[in-house]
Amino acid sequence: MAAPSATLTPVLIHLLRGASDLASVAATHAKLLKAGVAYTASSSNHLLAAYCRCGATGVARYLFDGMRGRDVVSWTTLMSGYAAAGRPSDALSLLRAMASSGVRPNAVTLSTAATGCARLADAGLGRQVHARAEVAGCARDAVVATAFVDMYGKAGAVEDARAVFDGMPAPARNVVSWGAMMSAYAQNALGNEAIHLFAELRTKFNNVSPNHFMLSSVLSACAGVARLGIGKCIHGAVFRLGYDGDDVVAVAVVDMYSKCGCYGHSRKVFDRIQRPSVIPYTSIIVAAAKYGLWRCAITLFNEMNDRGVQPNYVTLLGVMHACNHSGLVDTGLHLLRSMQSKYGIAPTPSHYTCAVDMLGRAGRLKEAFELANEAQVEGNDAAMMWNSLLSACRTHKRVDLATMAGQRMSEFNQDVAGGLVVMSNAFVSAGQTDNAAAVWSSMRRRGIRKDPGCSWIEVKDIPYVFYAGGISCAGARADEMLMLLDELEVKMRQKGYKGRLGSARVSDVEEDGGEGNEVMVGVHSEILALGFGLLVVPKGMTIRVMKNLRMCCDCHEAFKLISGIVEREFVVRDLNSLQIKDQLSEFQFGEHGKVDHHQHSHHHMKNSLSDDEEHGMNEDGTGSQTGKGKKGFAWHRMKWTDSMVKLLITAVSYTGEDPGADLGGW
DNA sequence: TTAGGGTTAG
């Protein structure tokens with residue numbers, strides 16, 4: 001019998017490397033056994049890797065457990081296999097077992113472990129792995145350090161990510177390291193920092209050329225903070241660098257335009273995608289739904305089905321959202337009831353919340369309560385769902401049910417302040433101002449405060465951020481702005497406007513020292529941003545105002561009136577709380593040093609109750625820290641074209657017509 | 001020669 005190992009083994013190993021399915025790996029394994037070389041260290045590691053590559057971690061583990069000479073590659077291979085199979089905990093257990101077996105981890109092992117911690121979003125565990133990398137002397141290895149940048153970013157520890165990035169020797173930072181850092185910012189709602197880093201790379205380190213990963217991350221950053229100007233520049237770079245054919249980049253561009261209020265651009269980019277998968281479809285469907293183009297959203301959904309693209313739960317949520325805002329209540333309900341059987345997707349708490357909101361909006365409160373009770377929803381999702389019902393009760397003036405919804409909500413609610421604001425708004429709508437004021441004074445007594453609302457507007461690529469009652473952001477043009485708002489208020493009154501812009505009362509400011517039942521009201525930040533926009537955005541250009549919370553009904557009305565008076569088109573982007581899991585976020589724009597609300601003094605005025613989230617803003621600037629960067633939003637057009645009016649006639653309601661019906665105006 | 005880094009949709 002010829003000695004096989006000298007000639008046969010390389011051939012078999014070559015076969016193993018090319019094998020991607022379990023059957024061919026097993027067949028080659030059998031041949032190695034037959035040749036009697038399956039147990040050499042090298043063959044075993046190849047076999048391990050092959051089994052891991054085709055997802056057979058169970059077989060790999062069995063093989064691993066029977067191996068005699070396990071080296072660092074064996075351990076790392078199995079770890080990597082677990083990580084790839086979505087079992088990061090098992091990967092990290094292996095790291096511990098490896099330590100007790102006396103095999104020392106190397107750079108490859110530790111970067112794999114870091115990726116596992118990233119998947120777990122566990123900064124504590126990640127820090128331990130980081131410490132080991134320091135001990136092993138490989139913490140500054142480009143790949144290892146980049147893995148830590150990503151890990152800290154995914155675990156929400158952006159400052160640690162930046163520290164690792166800064167600790168890397170400049171030549172070691174490559175396109176992946178830069179991209180990972182930008183992504184860390186983008187994923188943590190620090191879009192402006194990501195943009196800033198991108199600019200720094202372009203100006204100081206011209207030898208690193210952006211790739212599709214980096215472009216996607218920066219586009220996502222632009223989307224998150226609605227920086228249309230920069231977003232357009234990046235889109236230009238996408239073309240120049242030849243990434244316009246990349247689907248992932250294209251989705252990021254679609255998303256960026258839709259979040260910057262340019263549905264038309266979004267649609268053009270989407271239409272150029274050759275064979276859109278579920279992700280681009282979902283992106284554009286959600287964009288259409290949020291833009292009030294429900295007919296488009298549903299047409300796209302049907303088109304997607306016709307092309308055999310399977311929707312996922314996000315897609316269905318987007319379609320339900322479109323139904324919700326177009327009054328297609330029964331269509332939406334049917335979708336909820338049939339999604340399991342038709343698409344094999346189980347409804348999530350978000351789907352129930354959307355359906356409950358839909359019924360509540362339509363005034364079908366009994367059904368809404370039944371559905372809410374039927375849905376097995378817990379925690380923050382439940383709070384969100386009951387919250388939306390509470391708002392519906394308020395809209396339909398059903399205080400009896402509101403109390404019940406409020407109680408159910410408080411069982412789950414972590415955002416005590418938000419819940420109480422909605423509660424008090426429900427009382428206001430029902431004319432029970434005494435009860436509403438009691439809620440407010442109770443909040444004050446208990447020291448419960450709400451996050452400050454802010455609005456911003458991008459002028460020549462720079463965001464100008466306004467907080468309620470504060471005009472310092474307008475700089476030298478503040479007085480001019482107030483005069484303009486006063487003039488507008490006069491004209492609005494002639495058209496029957498009964499609310500107040502508030503600008504005239506800025507000088508009447510009183511500090512919040514009052515006792516009793518008065519409630520503080522500030523000048524709403526979106527009005528200030530709009531006033532500034534009217535001064536600085538050239539005539540003929542759409543003014544886009546962004547807000548971190550939900551716009552109130554009064555401001556909505558005011559924007560529409562002003563749009564008619566000045567004959568300009570406005571678009572407002574605000575928060576759609578129904579879509580988010582995280583609590584409201586603060587937006588920070590430290591980059592330009594324009595606003596830092598921690599130093600900003602808020603001015604309050606005494607007034608009667610109204611529908612505004614900004615009453616309860618905190619004077620000391622303590623607010624909740626942001627979670628992940630994904631926020632729900634909705635666009636509201638304030639000037640209607642003829643086709644829009646026609647659409648309205650057929651629609652019961654549409655995005656933004658009555659924001660108060662949604663979540664109590666905050 | 002077996003093992004390592006990032007991106008898109010609510």
Side-chain angles (χ1 to χ4, degrees), chain A residues 9-10 13-14 16-17 40-50 52-53 71-81 83-84 105-116 118 138 141-151 153-154 174-184 186-187 210-221 223 243 246-256 258-259 270 273 276-287 289-290 311-321 348 350-351 353-354 576 578-581 630-633:
Chain A
T9 312
I13 283 176
H14 182 78
L16 270 186
R17 293 182 65 203
T40 65
S42 168
S43 298
S44 301
N45 283 344
H46 278 288
L47 273 169
L48 256 186
C52 286
R53 263 198 306 276
D71 61 6
V72 62
V73 176
S74 325
W75 286 92
T76 309
T77 304
L78 189 59
M79 267 177 74
S80 162
N106 63 15
V108 182
T109 319
L110 292 164
S111 61
T112 307
T115 310
C138 63
D141 173 285
V143 176
V144 175
T146 303
F148 283 123
V149 169
D150 181 54
M151 180 278 293
K154 293 229 161 62
N174 58 22
V175 65
V176 186
S177 338
W178 284 90
M181 192 61 232
M182 287 172 207
S183 162
Q187 289 170 346
N211 62 11
H212 55 300
F213 285 104
M214 188 184 285
L215 292 168
S216 308
S217 297
V218 182
L219 283 163
S220 158
Y243 290 109
D246 184 295
D247 282 3
V248 174
V249 174
V251 173
V253 175
V254 167
D255 188 50
M256 181 276 292
S258 87
K259 287 185 179 159
F270 172 80
I273 300 176
S277 70
V278 59
I279 294 180
Y281 263 118
T282 304
S283 177
I284 196 72
I285 286 170
V286 169
K290 297 228 170 195
N312 62 22
Y313 74 107
V314 182
T315 324
L316 295 181
L317 195 59
V319 179
M320 281 181 67
H321 199 86
T348 69
S350 306
H351 295 98
T353 304
C354 185
N576 182 351
L578 256 191
Q579 295 295 315
I580 62 164
K581 291 201 170 74
K630 315 283 175 172
K631 300 294 165 198
F633 67 93

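So you know, we letter chains A, B, ... as the sequences are listed, proteins then strands, and number each from 1. The shown structure was predicted, so the numbers you read here are calculated from the model rather than taken from an experiment.
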Need one value for [X]: base, sugar-phosphate or nothing, where a base atom within 4.0 Å counts as base even if backbone is also close, heavy atoms only.
X	result
A:Val175	base
A:Asn312	base
A:Thr115	sugar-phosphate
A:Val144	base
A:Ala114	nothing
A:His212	base
A:Asp141	base
A:Asn211	base
A:Ala113	nothing

Does [X] make a side-chain N or O approach to OP1 or OP2 of [N] shorter than 4.0 Å?
X	N	value
A:Thr77	B:dT2	no
A:Gln187	B:dT7	yes
A:Arg53	B:dA3	yes
A:Arg17	B:dT1	no
A:Ser80	B:dG4	yes

Among [options], which nucleotide has an atom closest to any side-chain atom of [X]?
X	options	answer
A:Ser183	B:dG10, B:dT2, B:dT7	B:dT7
A:Ser216	B:dT8, B:dG10, B:dG5	B:dT8
A:Val248	B:dG5, B:dT7, B:dG4	B:dT7
A:Thr146	B:dG6, B:dT8, B:dG5	B:dG5

Open item on the list: Going by the rule ring-ring contact (aromatic ring centres under 6.0 Å, His included), which residues pair with A:Trp178 if we only count those two or more places apart in sequence or in a different chain?
Closed with: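 For A:Trp178 the ring-ring contact (aromatic ring centres under 6.0 Å, His included) partners, ignoring immediate neighbours, are A:Phe165, A:Phe205.
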Expressed in angstrom and rounded to an integer, what is the separation of [X] atom [atom1] from [N] atom [atom2]?
X	N	atom1	atom2	result
A:Ile279	B:dA9	CD1	P	8 Å
A:Lys259	B:dG10	NZ	P	4 Å
A:His46	B:dT1	NE2	P	8 Å
A:Tyr243	B:dT8	OH	P	16 Å
A:Ile284	B:dG10	CD1	P	11 Å
A:Leu219	B:dA9	CG	C1'	14 Å
A:Leu215	B:dT7	CG	C1'	10 Å
A:Trp178	B:dG6	CH2	P	19 Å

TODO: Mind checking the CG-CG spacing from A:Asn45 to A:Leu16? Nearest 0.5 Å is all I need.
DONE: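 Interatomic distance, A:Asn45 CG to A:Leu16 CG, rounded to 0.5 Å: 11.5 Å.
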- [ ] Look up atom NZ in A:Lys259 and atom OG in A:Ser220, then write down how far apart they are to the nearest 0.5 Å.
- [x]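 Going from NZ on A:Lys259 over to OG on A:Ser220, the span is 7.0 Å.
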Task: Residue pair A:His46 / A:Ser43, side-chain donor-acceptor N/O under 3.5 Å - done: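 No, because no side-chain N or O of A:His46 sits under 3.5 Å from a partner of the opposite role on A:Ser43.
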TODO: Would you mind reporting whether A:Tyr243 and A:Asn211 have side-chain heavy atoms less than 4.5 Å apart?
DONE: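 Heavy-atom side-chain distance check passes, below 4.5 Å.
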TODO: Taking all heavy atoms of A:Asp150 and all of A:Ala118, pick out the closest pair and write down the distance.
DONE: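 Taking every non-hydrogen atom into account, OD2-CB, 3.9 Å.
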Open item on the list: Test of understanding: with side-chain hydrogen bond (donor to acceptor under 3.5 Å, both in side chains), list the residues that count as partners of A:Thr315, not counting sequence neighbours.
Closed with: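 Here the qualifying residues are A:Thr282, A:Asn312.
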Task: Side chain A:Ser111 and base B:dG4 donor-acceptor under 3.5 Å - done: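 Yes.
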